[in-house]
Amino acid sequence: MRDSITHWAEAGDPNAAIQLAEIYLSEGKIEEAKKFFGQATEKNYRPAAKKLAEIFHKEGNLPEAINFYKKAVEGGDVEAMEKLVDLCSDDEKILNFVLEIIDEKYNKIYVSSDFFAQMMNFGSSRLSEFLPEQEKAIERCRIKNKILKLKAKM
Amino acid sequence: MTQEKILLQKAAAGDLKAIKALAEYYDKNSGRWRNEPNVGEKISAEEFFANMDKKSDEDFLAEAFKWYLKGAELGEPECMYEVGRRIYDAIGCCKEEEWSERGKKSFEWYLKSAQAGYVPAMRITAYMYGGLCVEKNEVESFRWYLKAAKLGDKKSACEVVKCYAQGIGVEKNFDEADNWLDELDEEDYRETLLELSRGYDEDSLMWLEWLVELGDPVALKRKAEAYCVGEGIEQNFEEALKLFIEAGTSEPGDYIPDVLAEALCQAGNLHYTGEGTIPQNYEQALKYYLMATRMHYVKAYILCGKMYYRGLGARKDYPKARRKFELAAKNRGRYIFSRPNNTVAVEYFGRMSELKKDFSKAYRYYELAAEDTRNQALIYRLANDYFYGNNVEPNVHKALGYYEEAGRYPNHEYFFEANLKLAWIYELGEFVDKDLAKADEYWAKLPPECKPARA
């Protein structure tokens, strides 16, 4: 299987590149992992950017970590938003960048009468139903408020 | 002589009472009513649904229509109404005609019946003048609602209130609206005011205030939402929090408890997200989520389970989290014929089994949760895991199914990633037969730069 994954990754499949990078990561081969995560990120394969950011973050290479967290945030990754805000809590420019991305999404978690919008964005308008998109919207609201409170203190 | 023969004789002689009775006789015996038990009679749910599949006798329905039509032509208002209704729903007649055509024809009969003084027909005439199958005429619509309301029709009186309150077909007149509100019973009064208070304009909020003063939980919740959104009213999360709590702890009355429980969840969400000047506080959030679980509210079970699972507002407690998810998974909510609305809880079950390295159990739960196609991230994850054999035996067939599902619609979260993977699978072959034509179908869904150069 590993040979096949390597062959596929080298042929240009970003999904295989991520898989190969994960294998290298589990073996402690960080540079190889970075190479293949980077390859997938270049092809806009969203799950790779956060992985790469996390490696740089762990290594203490904050400029690169921030760079790749930003890429993951652009893809709508909620965990990356939180990590980027924590890393750059005094950088207004980056906080505004995250805020902008959050505001582009549907975050109306308190308006249960907006049936069609909720159907379109959360997958359901039924009160008792709780779906992944709604979970993400709640997290985005929490991060947004965190940013607003950080900005108010600046 | 049978009842049918006696009625036939009289009806043929032009006896209006007999004509109506005969039409009703054929209608009752058509089987269209077999699902409706007689007064005092009880039937089981199994019987009720078994009967649903039985088709009604079209010959009897056609006979019923024929006699209703005869009665209508002789000027009987109730028969005219029945003819209108049957034409609209294509019961025993007009099967081949388009709905809009049937609508126009039925309106003519409803109007005739209304003109002859039949109150239910007046209400429907007024409704159809709202623009259903006929040209919209708000003045006529109001006129018929008012006429029916004056003859004692409560539902029409509700509409009259709305017309006066919103200036539909008549000049806006709050005093008149108020007078007609006095005519309504408690349930209609509340429903009408709730209808009037939809939206965030000045008038809607004024009507909402009436209900808020009465402590109506739906109105309290709606006003809290208005404070959160900050439309028509200044955004104020502290006020919203107070109102959500008041709504959630009030008496449900005729409402289902879900409304109250949802208000409590929203109070929890305000603490969880730390809106406005409300400090973020997970303990308080959990407190309100837990209060909502007392009403067996599925969403609240999931929210509480998540808090225990992640150790927010309480220490990390997997058995407690598991119990909450279990309750969410078992409770199908009030909508017993819909699919269970708890697949997020099932997915969390899977995550907890995965933590214990019980992969076979975990993936059983994941697959169950992935049956709900709204769990797109999980579907994409399962596709990858089955393709590469992460934690499970590789299964290309299953993986392909999940990739297909993840890439089905452009609004799917992993549409790009899933289609890219499928394109590569058919481009390179190896795990399936190489099929460049099929690969091209997937490449076509993606930006052109994704496609590799072919030798």
Side-chain angles (χ1 to χ4, degrees), chain A residues 1-5 7-9 11-20 22-23 26 40 43-48 75-78 107-114 119-124 126-146 148-149 152, chain B residues 198 221-222 224-225 228-229 240 258-259 261-262 266 269-270 272-276 278 280 297-300 302-303 306 328 333-335 338 341-345 347 372 374-378 380 384 387-390 394 411 413-414 416-417 420-421 424-425 427-428 430-431 447 449-450 452:
Chain A
M1 189 69 176
R2 184 172 181 147
D3 289 346
S4 299
I5 296 171
H7 167 62
W8 282 45
D13 173 12
N15 179 284
I18 291 189
Q19 190 63 29
L20 189 57
E22 291 278 11
I23 295 170
S26 66
K43 299 201 168 174
N44 291 324
Y45 212 73
R46 287 175 306 159
D77 192 302
V78 177
N107 300 313
K108 291 184 179 174
I109 56 172
Y110 302 107
V111 190
S112 53
S113 56
D114 207 347
M119 197 77 198
M120 291 282 291
N121 292 285
F122 294 155
S124 170
R126 190 184 294 162
L127 273 188
S128 65
E129 214 160 15
F130 190 71
L131 291 158
E133 282 309 311
Q134 206 174 352
E135 192 175 0
K136 278 187 202 158
I138 292 175
E139 291 304 323
R140 283 196 298 267
C141 284
R142 184 176 60 77
I143 296 166
K144 180 179 176 170
N145 290 322
K146 195 170 175 178
L148 292 176
K149 280 170 187 163
Chain B
R198 283 188 202 284
K221 180 172 158 287
R222 206 177 272 177
E225 287 172 356
C228 289
V229 179
D258 282 12
V259 175
E262 174 66 16
Q266 296 290 34
N269 284 343
L270 284 173
Y272 183 86
T273 56
E275 295 282 9
I278 298 171
Q280 200 205 37
Y297 192 48
V298 175
K299 191 195 276 183
I302 297 175
L303 288 166
K306 267 180 57 198
R334 273 155 233 289
Y335 307 91
S338 64
N341 49 10
N342 45 38
T343 45
V344 171
E347 186 188 340
D372 185 340
R374 294 170 295 183
N375 293 333
Q376 283 295 313
L378 178 66
Y380 179 68
N384 282 331
F387 189 78
Y388 294 111
N390 296 336
N411 65 340
E413 194 180 352
Y414 290 95
F416 171 78
E417 285 82 359
L420 190 56
K421 185 65 192 171
W424 276 107
I425 289 171
E427 183 78 27
L428 295 176
E430 193 169 339
F431 298 105
E449 64 271 18
C450 294

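The shown structure was predicted, so the numbers you read here are calculated from the model rather than taken from an experiment.
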Measuring from atom CG of L420(B) to atom CG of N15(A), what distance do you get when rounded to the nearest 0.5 angstrom?
8.0 Å
Ring-face cation of R374(B) near F122(A) (centre distance under 6.0 Å, axis angle within 45°):
no
Quick check on K146(A) against chain B: is it the side chain, the backbone, both or neither that has a heavy atom closer than 4.5 Å?
neither
Can you say whether E413(B) sits under 4.5 Å from chain A via the side chain, the backbone, both, or neither, judging by heavy atoms?
both
List the residues meeting salt bridge (Lys or Arg N to Asp or Glu O under 4.0 Å) with K144(A), not counting sequence neighbours, and say none if there are none.
D103(A)
Does a side-chain heavy-atom distance below 4.5 Å link C141(A) with E275(B)?
yes
So V344(B) and E135(A), do their side chains get closer than 4.5 Å, heavy atoms only?
yes
Given that the side chain runs from C-beta out, which part of I18(A) has a heavy atom under 4.5 Å from chain B: side chain, backbone, both or neither?
neither
So, the part of N390(B) with a heavy atom under 4.5 Å from chain A: the answer is side chain
Side chain to side chain, Q19(A) and F387(B), heavy atoms closer than 4.5 Å
no
Test V298(B) against E129(A) for side chain to side chain contact (heavy atoms under 4.5 Å, CB included), laying out the working first.
CA-CA 7 Å; V298(B) 175; E129(A) 214 160 15; over 6 Å; no
Part of L270(B) lying under 4.5 Å from any heavy atom of chain A:
both
What's the spacing between D13(A) CG and L428(B) CG if we round to 0.5 Å?
7.0 Å
Looking at G274(B), C450(B), G389(B), which has the largest count of heavy-atom pairs under 4.5 Å with chain A?
G274(B)
Under a plain distance cut-off of 3.5 Å, with no hydrogens placed, do Y388(B) and E22(A) share a side-chain donor-acceptor pair?
no
Can you say whether R140(A) sits under 4.5 Å from chain B via the side chain, the backbone, both, or neither, judging by heavy atoms?
neither
Which bit of E417(B) is near chain A, if near means a heavy-atom gap under 4.5 Å: side chain, backbone, both or neither?
both
Region of Y414(B) in contact with chain A, defined by heavy-atom distances below 4.5 Å
both
Relative to chain B, which segment of A16(A) carries a heavy atom at a distance below 4.5 Å: side chain, backbone, both, or neither?
both
Output field: ring centroids F431(B)/W8(A) closer than 6.0 Å:
yes
